[in-house]
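Below you'll find the structure, written out as structure tokens, and then a few comments.
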Amino acid sequence: MVALILLSGCATAVSTPSITSSSESSAPPPASQSTTAAARIKPVSVEIPKIRAKSSLVPVGLAADGTLEVPPTSQPLQAAWYELGPMPGEVGPSVVLGHVDGDGKPGIFHQLTKLAPGDEVLIAREDGSTVTFVVRRLQQVAKDAFPTEEVYGDTAGPELRLITCGGSFDRATGNYRDNVIAYATPKSG
Amino acid sequence: MRAVRVLFVGLGVTAATLFTMSPAVAAQGQPAPPSTTTVKPPQPSAAPSSAVVTSSPTPIPTTAPARPRPKGGVQTGGGSPEGDNTGLMLGGGAALVAGFGAFALRRRAVRGSN
């Protein structure tokens, strides 16, 4: 009877507002630790069904000049997450980035501009749980006018930013002139 | 003669000592434990085991720690696929034009000879 109750508890725990778990054997952490423990669970993969994008996630930090590191262009299908910021599911804007292209091939976020409000983004985490976000808006902005505060600034709850390149290609610098940013919040219910 | 007396007296004292000692003392050379033992009930520890579980948890900071923010835009493009093929397309186009031109000139030359 006790085992039945425990299994039922794990099953019902699946539907925390935006976090689902595929693990039924692990007991939930004590209430006093749940906030901190859940906040530090690393993401392992990202999936965007709308554009059929799916990739593992590698951590990136800051380059020497203070800009955000990116995966090598020789791996355009590799997405990354900013490990010095909030993790997906933690309060604050977590950042996932991917190339629009690289080495003459389409990148993992080549179709990011096709996202629309309401599209889902799934972030799988190392504990087996998945955080589902919903795209709220899409923004294309020149890199020299990048909205740092809007992208990395504090938020009241967990949020997600998907970033890639866009706009015209500057052959002189070898880079695109714009960034495409998708703003997403956790799926409720 | 006096030495013999002293010897006998010493032997007598020794024998008397041996007879007055208890068997336990003779065997172990130390006092025997008392025949009755008082067993004290276990004393409760200073802090019960449940106190460890119910100790107040470390307070969780309400303000998020300062996080480093990246500067500027993100360089997430390694060159568009179209851009990489531009040279190839231009070369192909030029070759096509040259081919048609050569064909036209040759045909014109044939007509002129006739």
(message) Under 4.5 Å from any heavy atom of chain B, what part of A:Asp144 do you find: side chain, backbone, both or neither?
(response) neither
(request) Begin from the C-alpha positions of A:Val70 and A:His99 and carry the test side-chain contact (heavy atoms from CB on, under 4.5 Å) through to its verdict. (result) CA-CA 8 Å; A:Val70 298; A:His99 287 292; 4.0 Å; yes
(message) Once rounded to the nearest 0.5 Å, what's the spacing between atom NZ of A:Lys54 and atom CD1 of A:Ile48?
(response) 12.5 Å
(message) Need one label for A:Thr148: side chain, backbone, both or neither, based on atoms under 4.5 Å from any heavy atom in chain B.
(response) side chain
(request) Could you pull out the closest heavy-atom pair between A:Ile163 and A:Phe109, with the gap in Å? (result) O-CD1, 3.6 Å
(message) What part of A:Val100 gets within 4.5 angstrom of chain B, counting heavy atoms only: side chain, backbone, both, or neither?
(response) both
(request) Name the region of A:Leu84, side chain, backbone, both or neither, that has any atom closer than 4.5 Å to a heavy atom of chain B. (result) both
(request) Please examine the side chains of A:Phe133 and A:Glu120, heavy atoms only from C-beta on, and report whether any two atoms are closer than 4.5 Å. (result) no
(message) With heavy-atom distances below 4.5 Å as the criterion, would you say the side chains of A:Arg125 and A:Val131 are in contact?
(response) yes
(request) Quick one: which of A:Leu68, A:Thr73, A:Val180, A:Asn179 has the most heavy-atom pairs under 4.5 Å with chain B, could you say? (result) A:Asn179
(request) Between chain B and each of A:Ala142, A:Pro86, A:Ala80, A:Ala63, count heavy-atom pairs under 4.5 Å; write down the option with the most. (result) A:Pro86
(request) Measure across A:Lys187 and A:Val134 and return the closest heavy-atom pair with its distance rounded to 0.1 Å. (result) CB-CG2, 3.7 Å
(message) Shorter than 4.5 Å, heavy atoms on both sides: which option in A:Gly107, A:Ala145, A:Gly98, A:Ser74 has the most such pairs with chain B?
(response) A:Gly98
(request) Examine whether an atom of A:Tyr82 lies under 4.5 Å from a heavy atom of chain B, and if so say whether it belongs to the side chain, the backbone or both; otherwise answer neither. (result) side chain
(request) Decide yes or no for B:Val74 and A:Thr67: does some side-chain heavy atom of the first lie under 4.5 Å from some side-chain heavy atom of the second? (result) no
(message) Please classify the contact of A:Tyr152 with chain B as side chain, backbone, both or neither, using a heavy-atom distance under 4.5 Å.
(response) both
(request) Please look at A:Pro71 and chain B and tell me whether the side chain, the backbone, both or neither of the residue comes under 4.5 angstrom of a heavy atom of that chain. (result) neither
